[in-house]
Amino acid sequence: MATIETVSPPQGSQSEPQIPWPVISWFGALLVFAYLPVLISLVKHWNRDDDMGHAFFVPFVAGYIVWGSRSELFKIRPQPSALGFILIFWGIVQLYIGALGSEFFLQRTAFIITTVGVLLVTGGLVVVRALFFPLFLLLFMIPIPAVVYNQITFPLQLFASRVAENVLLLVGIPVLRDGNILELASQKLSVVEACSGIRSLLSLSFLSLVYGFFFDSRPYMKYALLAATIPIAILANAARVSATGILSEFNPELARGLFHVMEGWVVFMVALVLLVLTHQLMSRIISWREKRSA
């Protein structure tokens, strides 16, 4: 008489539940569709605001980082959290309030809040932690509110004009400063918002995070580089204003038009080089301290 034997699978061979990426993708598509008017308005803002030129690259870089870490993400065991519904509700309410008050910053940040809520509901806190860095990068595609922007730019304008005044006097060029206006013998130079350095600060901050992610495996390094971009960008912009004042004494046309734009690009590249050198210096100091403590 034939007998049927039941063979149990080896222990540990059971497939563990995986993150429901198809579900996340489906809800992600619905999320984009729901926020489509907000996202279209955001892209239009990028196109007309020179300070947000870097924002076009933000979603692609964030997506590339997620795609590059897909093998690790697929191994994550889901732990759905009901707290995500709170964030989703929060995002919806914030979107509604922002739409009523025509407050674009509230509407745009509501998209990121709702995105985090969807990830919590479908995958849990473990997924949000794994995707923290690309989610953090998304903040760089949202323009700073006008109230905050004005509070930042004016002190930067004054600082750049003060530095330029001292540099011009140091090289023997007479100058009289009135706030953010430099009065030279031949002309007046106004350090306007576009010359405040906020543009290079935003772009350089984004690049510092991306650079730190791809060229240094230490998690804290990219945030240390982010902190280093603040003095680098501010000093580089002050040097740009000073150079503009010096060059304008030789030829006033060098302080405007294409020459002024090219000068900005050169100073930005110098700031980027300084950021790389700062990273190398920080790495050497950390390595030296580790060897000394070993």
Side-chain angles (χ1 to χ4, degrees), residues 45-57 140 143-211 224-279 281:
H45 189 118
W46 299 345
N47 193 44
R48 66 174 181 266
D49 188 353
D50 293 333
D51 293 347
M52 296 302 297
H54 64 277
F56 286 99
F57 302 97
F140 284 88
I144 301 173
V147 176
V148 179
Y149 183 87
N150 294 331
Q151 294 294 323
I152 296 175
T153 54
F154 188 65
L156 291 178
Q157 289 172 256
L158 291 179
F159 177 80
S161 59
R162 287 195 194 100
V163 173
E165 177 190 20
N166 293 326
V167 172
L168 290 172
L169 292 174
L170 186 63
V171 298
I173 298 176
V175 59
L176 179 64
R177 183 178 66 86
D178 182 14
N180 61 324
I181 297 176
L182 300 174
E183 187 170 353
L184 304 173
S186 59
Q187 61 180 319
K188 288 184 179 181
L189 295 178
S190 179
V191 183
V192 297
E193 289 183 354
C195 298
S196 64
I198 189 67
R199 183 178 306 168
S200 58
L201 178 59
L202 292 174
S203 300
L204 195 64
S205 297
F206 171 68
L207 287 176
S208 70
L209 287 170
V210 176
Y211 171 82
L225 290 174
L226 176 62
T229 59
I230 298 175
I232 291 175
I234 292 175
L235 292 176
N237 184 70
R240 176 192 178 187
V241 175
S242 303
T244 300
I246 295 173
L247 293 175
S248 66
E249 282 295 285
F250 296 96
N251 185 356
E253 294 299 322
L254 297 178
R256 59 179 68 95
L258 179 62
F259 293 101
H260 188 58
V261 174
M262 292 178 61
E263 181 184 306
W265 277 104
V266 170
V267 171
F268 181 79
M269 295 306 297
V270 171
L272 193 57
V273 171
L274 289 176
L275 179 66
V276 175
L277 293 177
T278 301
H279 172 237
L281 178 62

Rounding to 0.5 Å, atoms CG (Leu176) and CG (Leu169) come to a distance of 9.5 Å
Sequence neighbours excluded, which residues qualify as side-chain contact (heavy atoms from CB on, under 4.5 Å) partners of Val148? Ile144, Pro145, Ile152
For Phe56 and Asn47, the nearest pair of non-hydrogen atoms, with its separation, is CZ-N, 3.8 Å
Polar side-chain atom of His45 near backbone of Met52 as donor-acceptor pair, under 3.5 Å: no
Residues Ser242 and Leu168: closest non-hydrogen pair is O-CD2, 4.1 Å
To the nearest 0.5 Å, how far apart are CD1 in Ile230 and CG in Leu235? 11.5 Å
What are the two closest non-hydrogen atoms of Pro231 and Ala227, and how far apart are they? CD-O, 3.3 Å
Can Leu201 and Ser205 be said to form a side chain to side chain contact (heavy atoms under 4.5 Å, CB included), step by step? CA-CA 6 Å; Leu201 178 59; Ser205 297; 3.9 Å; yes
Among Val210, Leu207, Leu209, find the one that has a side-chain contact (heavy atoms from CB on, under 4.5 Å) with Phe140. Leu209
Rounded to the nearest 0.5 Å, how far apart are OG1 of Thr229 and CG of Leu274? 12.0 Å
In terms of the angle between their ring planes, are Phe206 and His54 parallel, tilted or perpendicular, with boundaries placed at 30° and 60°? tilted
Any side-chain heavy-atom pair from Asn166 and Leu170 closer than 4.5 angstrom? no
Shortest non-hydrogen pair, Leu204 vs Leu272, comes out as CD1-CD1, 3.9 Å
Does the side chain of Val163 reach to within under 4.5 Å of the side chain of Val241, using non-hydrogen atoms? no
Out of curiosity, Glu165 CD to Leu158 CG, how far, rounded to the nearest 0.5 Å? 11.5 Å
The test is side chain to side chain contact (heavy atoms under 4.5 Å, CB included); show your working for Asn237 and Leu156 and say whether it passes. CA-CA 9 Å; Asn237 184 70; Leu156 291 178; 6.0 Å; no
